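On a predicted model such as this, the values are computed, not experimentally measured, just so you know.
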Amino acid sequence: MINLAALAIFSGLSVNLLLTLALGTANIANPSESGGGMKLPLIQSGIFLGAILILWVFFSSLSPSLRGFSEFFLYFPLSALICMGLELLCDRLLPRIIPSYRGLCRVYPAHTAYNGLIPIALLFCLLMGHSFGGALVLSLGFALGNLGALLCLKEIRRRSELEWVPRFLRGSPLILISMGLLSLVTTSVAGIFFNILLGF
């Protein structure tokens, strides 16, 4: 039980993946966007979770003779294909289920496998999630950590519009600095929980 809790906390705090590998996220906090604030990509977060689990099942079911160094080259293209397929499925099915559905809120482009987040999260899941439960906990932590990081960026954007910020720091520079600081904090705390995991 402690092991699963540490796994969940580790993956949740590894929003460092988002902060360091997906710097394109800074555009969501660009003050040039129309007012009203950024919407959180809840459906994309669900796709994030589903894509990691589908890919984990696929790669963990490969026979040992097929696994090896070459499988790393499949992570990115398969992740991008799964993301595009799941987004297309959502765009086709959700309007039938929810009549008021107006389209997917997109923060990440699907063809980039969500700015490379999914292949990296998949690598962690394959290395640390030795069972489906472990992979589920890890991928759920990554998806929730992703949403948490986006909430932080949204709040930074909102506060920067309300409070006085030096002109040269407004917009993307402030977001990139904030992302770097958040990355340092989350990397340190995630490292602590990673060491806890290694101890069990």
Does L78 form a side chain to side chain contact (heavy atoms under 4.5 Å, CB included) with F59? I'd like the steps, not just the answer.
CA-CA 11 Å; L78 287 180; F59 281 107; 3.7 Å; yes
Run the side chain to side chain contact (heavy atoms under 4.5 Å, CB included) check on V57 and F132 step by step: do they pass?
CA-CA 8 Å; V57 168; F132 183 77; 4.1 Å; yes
Which side-chain N or O atoms in residues 122-131 pair as donor and acceptor under 3.5 Å with protein atoms at least two apart or in another chain?
from, atom 1, to, atom 2, distance (Å)
S131, OG, G134, N, 3.2

Got a list of side-chain donor-acceptor pairs under 3.5 Å for residues 44-55, not counting sequence neighbours?
from, atom 1, to, atom 2, distance (Å)
Q44, OE1, V107, N, 3.0
Q44, OE1, Y108, N, 3.2
Q44, NE2, E87, OE2, 2.9
Q44, NE2, Y108, O, 2.8
S45, OG, P41, O, 3.1

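Applying the salt bridge (charged side-chain N to carboxylate O under 4.0 Å, His left out) test to pairs two or more places apart or on separate chains, none has a residue in residues 174-196.
Side-chain heavy atoms closer than 4.5 Å link hydrophobic residues (I, L, V, M, F, W, Y) into clusters, and following such links, possibly through other members, connects L62 to W56. L117 and F72 fall within a single hydrophobic cluster, where Ile, Leu, Val, Met, Phe, Trp and Tyr are joined by side-chain heavy atoms under 4.5 Å apart, directly or via other members. Criterion: ILVMFWY side-chain heavy atoms under 4.5 Å apart, direct or through other members. Under it, I118 and L42 are part of a common hydrophobic cluster. When the side chains of ILVMFWY residues are joined at heavy-atom separations under 4.5 Å, either directly or via intervening members, F58 and Y75 end up in a single hydrophobic cluster.
One distance of note links OG of S139 with CG of L144; it measures 9.5 Å at 0.5 Å rounding. Annotation: the span from T112 atom OG1 to F76 atom CZ amounts to 6.0 Å, rounded to 0.5 Å.
Applying the side chain to side chain contact (heavy atoms under 4.5 Å, CB included) rule to P95 yields the partners Y101; only residues at least two apart in sequence or on another chain are considered.
Heavy atoms only, all atoms of each residue included: I120 and G116 are closest at CG1-O, 3.3 Å. Among all heavy-atom pairs drawn from H111 and A80, the shortest one is O-CB, 3.6 Å.
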